[in-house]
There are 2 protein chains.
Amino acid sequence: MSDGRRPAPARGRPRDAARDVAILEATLLVLTEVGYDQLTIDAVAARAGVGKPTVYRRYPGKPALVAAAVEHRAPGTPPATPPGDLRAALLVTVQWLADQIAEQEIGLLGALFTGMRSDPGLAAEMRRIRRRDEAAMTEGPFRNALESGERLVPGAAELFAEIAPAVIVHRLVVAGQSCDHAFVDHLVDDILLPLLRRR
Amino acid sequence: MSDGRRPAPARGRPRDAARDVAILEATLLVLTEVGYDQLTIDAVAARAGVGKPTVYRRYPGKPALVAAAVEHRAPGTPPATPPGDLRAALLVTVQWLADQIAEQEIGLLGALFTGMRSDPGLAAEMRRIRRRDEAAMTEGPFRNALESGERLVPGAAELFAEIAPAVIVHRLVVAGQSCDHAFVDHLVDDILLPLLRRR
DNA sequence: CTATTATGTTACGCGCCAGTTTCGTTTCGT
DNA sequence: ACGAAACGAAACTGGCGCGTAACATAATAG
């Protein structure tokens with residue numbers, strides 16, 4: 001094939017990379033603030049300090065823009081956990097996870113909820129990203145625990161990734177309550193530790 | 001006070017009660033099909049076989065209509081569970097719960113997700129209804145279990161209501177996978193039974 | 001310098017939906 | 001019979017967001 005299309009002669013004024021990231025970050029902001037349906041291109045452009053055609057020059061429409069923004073978003077890294085103490089590691093990780101979900105993920109979940117009907121491709125993309133993030137979020141505590149001789153059930157990491165985010169999201173959205181310290185203690189002591197420790 | 005306002009002289013043609021329920025059920029249908037944001041009064045009226053002013057004569061707008069529809073909705077009753085066998089009761093109840101959520105609740109959760117931003121009152125109403133439904137859904141298995149000598153941890157019913165719907169919703173929405181038989185077995189055997197049985 | 005492209009501003013046409021109004025008809029209470 | 005109110009159909013106004021186009025200007029490659 002020998003490169004069917006040249007990668008654009010690039011003659012003329014080049015695109016501003018700073019505006020690229022400004023658009024993506026503004027999209028994430030608006031998305032978490034008002035949700036997917038209420039997100040308008042005008043609002044994103046205004047928030048990014050950019051003209052509307054500048055957005056449309058990069059993305060054909062809302063689904064592609066949101067997908068690119070979610071892709072661009074860097075997931076937070078979980079805090080380092082003290083080795084040798086599974087309970088302490090779980091407490092720290094769960095609290096951090098709850099904060100992350102309450103601050104950012106809720107808006108993305110809303111986008112997933114509503115966008116999945118209109119655009120299955122976007123839904124698949126969102127699920128891919130979320131799996132990547134959850135994997136990164138739940139890997140920390142178990143590496144330490146395993147190396148320090150804790151006796152865990154097989155598949156403990158998968159079980160944690162399956163239960164902890166689910167219960168946290170359920171409490172935030174359905175119950176409408178915040179994930180305070182008492183809730184984190186409850187989740188760790190009454191649910192996670194009894195399940196994950198080898199019985 | 002002695003009745004400040006008379007309850008409407010009711011002179012003229014009375015409202016048709018059949019149209020009342022037609023409107024509410026059409027609202028639930030459209031809501032689960034297209035979600036809260038995409039729901040239009042015209043679509044509801046058309047689905048109900050009713051003129052648009054007939055809807056506006058009863059409700060001032062979309063939030064009130066949706067709230068009334070969710071209030072009107074009767075939650076399904078969980079199937080009777082075999083007494084004396086906690087595992088069998090959990091399997092039946094969890095499978096039924098998963099089907100219920102997959103068929104109906106997902107749409108209502110989407111409405112909760114998106115409507116909660118625009119109308120906090122609607123969100124509170126939805127949460128109240130959902131608590132009522134979840135309580136009705138999770139009461140069955142434990143009454144039988146307790147009467148038949150199963151040794152359960154204290155607060156087992158609350159724990160079940162906290163975990164089972166959360167994991168089911170998480171799988172349906174985030175993972176995008178159906179709750180088949182294997183998943184129900186996994187949820188019961190690997191998560192619920194180890195947690196609920198007195199250790 | 002010149003051609004070429006990006007950018008901002010502004011404006012436009014289009015479609016969709018909200019909420020209201022009008023009108024002719026129907027159904028009730030009195 | 002008579003008046004009042006609900007009903008369906010249709011039309012209507014208004015707002016809003018989409019996606020595009022028209023300009024003038026800025027930045028860059030050659």
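Quantities reported herein were computed from a predicted structural model and do not represent experimental measurements.
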Please report, rounded to the nearest Å, how far the [atom2] atom of [N] is from the [atom1] atom of [X].
X     : N      : atom1 : atom2 : result
B/R15 : D/dA4  : CZ    : P     : 18 Å
B/Y59 : C/dA18 : OH    : P     : 16 Å
B/Q38 : C/dA18 : CD    : C1'   : 15 Å
A/L39 : D/dG17 : CG    : C1'   : 11 Å
B/K62 : C/dC17 : NZ    : C1'   : 9 Å
A/D37 : D/dC16 : CG    : C1'   : 15 Å
B/D42 : C/dC16 : CG    : P     : 11 Å
A/D16 : D/dT25 : CG    : C1'   : 15 Å

Measure from the side-chain heavy atoms of [X] and tell me the nearest of [options].
X     : options               : answer
B/Y56 : C/dT20, C/dT9, C/dT7  : C/dT20
B/K52 : C/dG19, C/dT7, C/dC17 : C/dG19
B/R57 : C/dA18, D/dA6, C/dA6  : D/dA6

Next item on the list: Inspect the surroundings of CZ in B/R151 and state if more than 12 heavy atoms from other residues, nucleotides or ligands are less than 6.0 Å away.
Entry: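 Open.
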Check: What does C/dT2 pair with, Watson-Crick or G-U, if both distances are under 3.5 Å?
Finding: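 Checking every strand shown, C/dT2 finds its partner in D/dA29, with both distances under 3.5 Å.
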Checklist line | N/O (side chain, A/R11) to phosphate O (OP1/OP2, C/dA6) under 4.0 Å | finding: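 So the side-chain polar atoms of A/R11 never come under 4.0 Å of the phosphate oxygens OP1 or OP2 of C/dA6.
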Margin query: Please determine whether a side-chain nitrogen or oxygen atom of A/T54 lies at a distance below 4.0 Å from atom OP1 or OP2 of C/dG8.
Written below: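 True: A/T54 side-chain N/O within range (under 4.0 Å) of C/dG8 OP1/OP2.
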Notebook entry, point to check: If you take atom types as modelled and just measure distance, does the side chain of B/R13 reach the base of D/dA6 with a donor-acceptor pair under 3.5 Å?
Noted result: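 Side chain to base: pair present.
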Notebook entry, point to check: CZ/A/F183 to CD/A/Q95 distance, rounded to the nearest 0.5 angstrom?
Noted result: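 Here the interatomic distance stands at 10.0 Å.
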Note to self: Go nucleotide by nucleotide along DNA chain C from the 5' end; which of B/T40 and A/R58 gets its closest nucleotide reached first?
What the structure shows: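 Checking each residue's closest nucleotide, the 5'-ward one belongs to A/R58.
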Check: Salt bridge or not for B/D42 and B/K52, using N-O below 4.0 Å?
Finding: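 Yes, this pair counts.
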Margin query: Quick test of your reading of the model: are A/R128 and A/E125 salt-bridged, counting only N-O distances below 4.0 Å?
Written below: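 Salt bridge flag = yes for A/E125 with A/R128.
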Next item on the list: Indicate if B/V55 and B/V34 have the same hydrophobic cluster label, given that clusters are the connected sets of ILVMFWY residues with side-chain heavy-atom separations under 4.5 angstrom.
Entry: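 Looking at the clustering, B/V34 is in the same group as B/V55.
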